[in-house]
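Here's the structure, in structure tokens; my notes come after.
For the numbers below, each heavy atom of this structure counts, side chains included, while hydrogens, waters and symmetry mates do not.
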Amino acid sequence: MFQNLPRYRARNVFNPWRQRDRLDCDPDAPARRLRRLALHFDCQPKLLLIGEACGYQGCRFSGIAFTSERLLLQQYIPRVACGKRITKRVRPWSEPSATTVWKVLHELGLAERVILWNAFPWHPHRPGEPHSNRRPTADELEQGKPILELVLRRFERATVIAVGQIARASLRQLLGSDPVTVRHPSMAGASAFRSGLAAIVRRRGWSSHGATR
């Protein structure tokens with residue numbers, strides 16, 4: 001899987017594990033993002049959260065879905081040591097959805113037991129606006145399915161949860177059934193995201209103690 005991610009190329013799509021952004025200050029930034037992702041994947045999770053696509057304030061620079069540079073620098077992300085910064089932006093990138101997701105995961109005792117991914121794992125942006133977000137097209141979502149399937153197979157024992165309707169549709173096609181779905185935290189969805197995830201934790205009787213490594 002890690003070999004396949006950097007190979008992807010498309011118009012109006014940034015590949016964080018292949019390309020350098022103009023605000024990257026490290027020539028090795030794509031490889032460092034890939035190493036961060038490998039560290040994030042180094043666990044046996046109870047939960048697999050699948051979102052829509054990389055965002056320009058989050059995964060584009062961090063290399064991990066629903067994760068911002070600011071959260072990495074705060075050492076808020078289990079298993080992933082940030083080290084020196086990759087970007088030269090005066091203020092580290094911060095993504096509202098990423099902040100919400102990790103806050104809820106820590107509150108519910110799930111932070112050590114979760115893997116985050118996207119139905120379209122790269123960053124789709126508007127033409128000529130690299131630091132923008134757009135919804136992935138149907139064709140792009142199809143191109144993301146082989147990688148998504150590899151992630152599902154790798155963590156086949158984890159409970160799979162779609163974050164939002166785009167992820168829900170992609171997972172439904174791969175799983176052959178409607179996945180458990182929670183509200184995406186963007187667009188005033190933070191409270192519904194938290195309550196939805198908390199309800200799943202209660203139903204499954206998960207404790208709030210350490211991860212299984």
Side-chain angles (χ1 to χ4, degrees), residues 1 16 33 35-83 92-121 123 133 147-148 151-152 154-168 170-171 179-213:
M1 189 196 80
R33 285 190 276 265
R35 289 195 292 271
R36 288 175 176 176
L37 181 62
L39 291 170
H40 175 61
F41 270 45
D42 186 22
C43 74
Q44 298 176 20
K46 284 186 177 293
L47 189 64
L48 185 57
L49 286 182
I50 307 297
E52 180 179 318
C54 287
Y56 79 92
Q57 295 172 298
C59 187
R60 180 184 177 103
F61 290 100
S62 73
I64 302 170
F66 288 115
T67 302
S68 69
E69 181 185 33
R70 180 178 64 83
L71 293 175
L72 287 169
L73 288 168
Q74 292 175 342
Q75 299 183 0
Y76 204 57
I77 312 303
R79 301 181 300 280
V80 185
C82 185
W93 290 96
S94 181
E95 184 182 63
S97 291
T99 301
T100 296
V101 166
W102 280 105
K103 181 175 184 292
V104 171
L105 291 172
H106 279 280
E107 288 175 351
L108 297 177
L110 296 171
E112 293 279 358
R113 299 182 281 182
V114 67
I115 292 294
L116 306 173
W117 196 247
N118 286 306
F120 184 70
H123 173 228
N133 293 327
I147 300 288
L148 177 57
V151 173
L152 294 175
R154 177 167 179 164
F155 302 113
E156 59 184 358
R157 295 184 179 180
T159 296
V160 179
I161 298 178
V163 183
Q165 296 304 312
I166 299 294
R168 178 184 184 182
S170 290
L171 285 169
V180 176
T181 304
V182 295
R183 172 78 155 81
H184 196 286
S186 66
M187 305 298 288
S191 180
F193 170 80
R194 189 196 186 286
S195 62
L197 201 55
I200 294 168
V201 170
R202 287 194 300 271
R203 287 198 301 270
R204 294 185 176 272
W206 289 340
S207 70
S208 60
H209 299 293
T212 301
R213 291 297 301 270

Taking all non-hydrogen atoms of both residues into account, name the closest pair between Arg79 and Asp42 and its distance. CD-O, 3.2 Å

Kindly write out the residues that satisfy side-chain contact (heavy atoms from CB on, under 4.5 Å) with Glu52, not counting sequence neighbours, or none if the list is empty. Arg135, Pro136, Ile166

Between the CD1 atom in Ile77 and the OG atom in Ser68, the distance rounded to the nearest 0.5 Å is 7.0 Å

Can you name the ring-ring contact (aromatic ring centres under 6.0 Å, His included) partners of Phe41, sequence neighbours left out? Phe2, Trp117, Phe155

For Val101 and Pro185, the nearest pair of non-hydrogen atoms, with its separation, is CG2-CG, 3.9 Å

The side-chain hydrogen bond (donor to acceptor under 3.5 Å, both in side chains) partners of Thr67 (sequence neighbours excluded) come to Trp102

Which residue pairs satisfy the side chain to side chain donor-acceptor pair (under 3.5 Å) criterion with at least one member in residues 192-205, sequence neighbours excluded? Glu107-Arg194

Not counting sequence neighbours, which residues clear side-chain contact (heavy atoms from CB on, under 4.5 Å) with Thr99? List them please. Arg70, Ser94

Using side-chain heavy atoms (C-beta onward) and a distance below 4.5 Å, is Thr159 in contact with Trp206? yes

Sequence neighbours excluded, the answer for side-chain contact (heavy atoms from CB on, under 4.5 Å) partners of Ser186 is Ser97, His184

Would you name the heavy atoms of Pro16 and Arg60 that are closest together and state the gap between them? CB-O, 3.7 Å

How long is the gap from CG on Asn118 to CZ on Phe66, to the nearest 0.5 Å? 6.0 Å

Arg36 meets the salt bridge (Lys or Arg N to Asp or Glu O under 4.0 Å) criterion, sequence neighbours left out, with none

If I compare all heavy atoms of Ala119 with all of Ile50, which pair ends up nearest, and what's the gap? N-CG2, 3.8 Å

Decide yes or no for Glu112 and Leu105: does some side-chain heavy atom of the first lie under 4.5 Å from some side-chain heavy atom of the second? no

If the condition is salt bridge (Lys or Arg N to Asp or Glu O under 4.0 Å), which residues does Glu69 pass it with, not counting sequence neighbours? Arg85

Shortest non-hydrogen contact between Ala111 and Val114, atoms and distance: O-CG1, 3.6 Å

Value for CZ (Phe193) from CZ (Arg183), rounded to nearest 0.5 Å, stands at 11.5 Å

Looking at residues at least two apart in the chain, or sitting in another chain, which of them share a side-chain contact (heavy atoms from CB on, under 4.5 Å) with Ala162? Ala167, Arg168, Leu171, Pro179, Thr181

Under 4.5 Å between any side-chain heavy atoms of Ile115 and His40, yes or no? yes

Shortest non-hydrogen separation from Leu148 to Ser170 and the atoms involved: CD2-CB, 4.2 Å

Is there a side-chain contact between Leu49 and Leu197, using heavy atoms and a 4.5 Å cut-off? yes

Qualifying residues under side-chain hydrogen bond (donor to acceptor under 3.5 Å, both in side chains), relative to Arg35, sequence neighbours excluded: Asp28

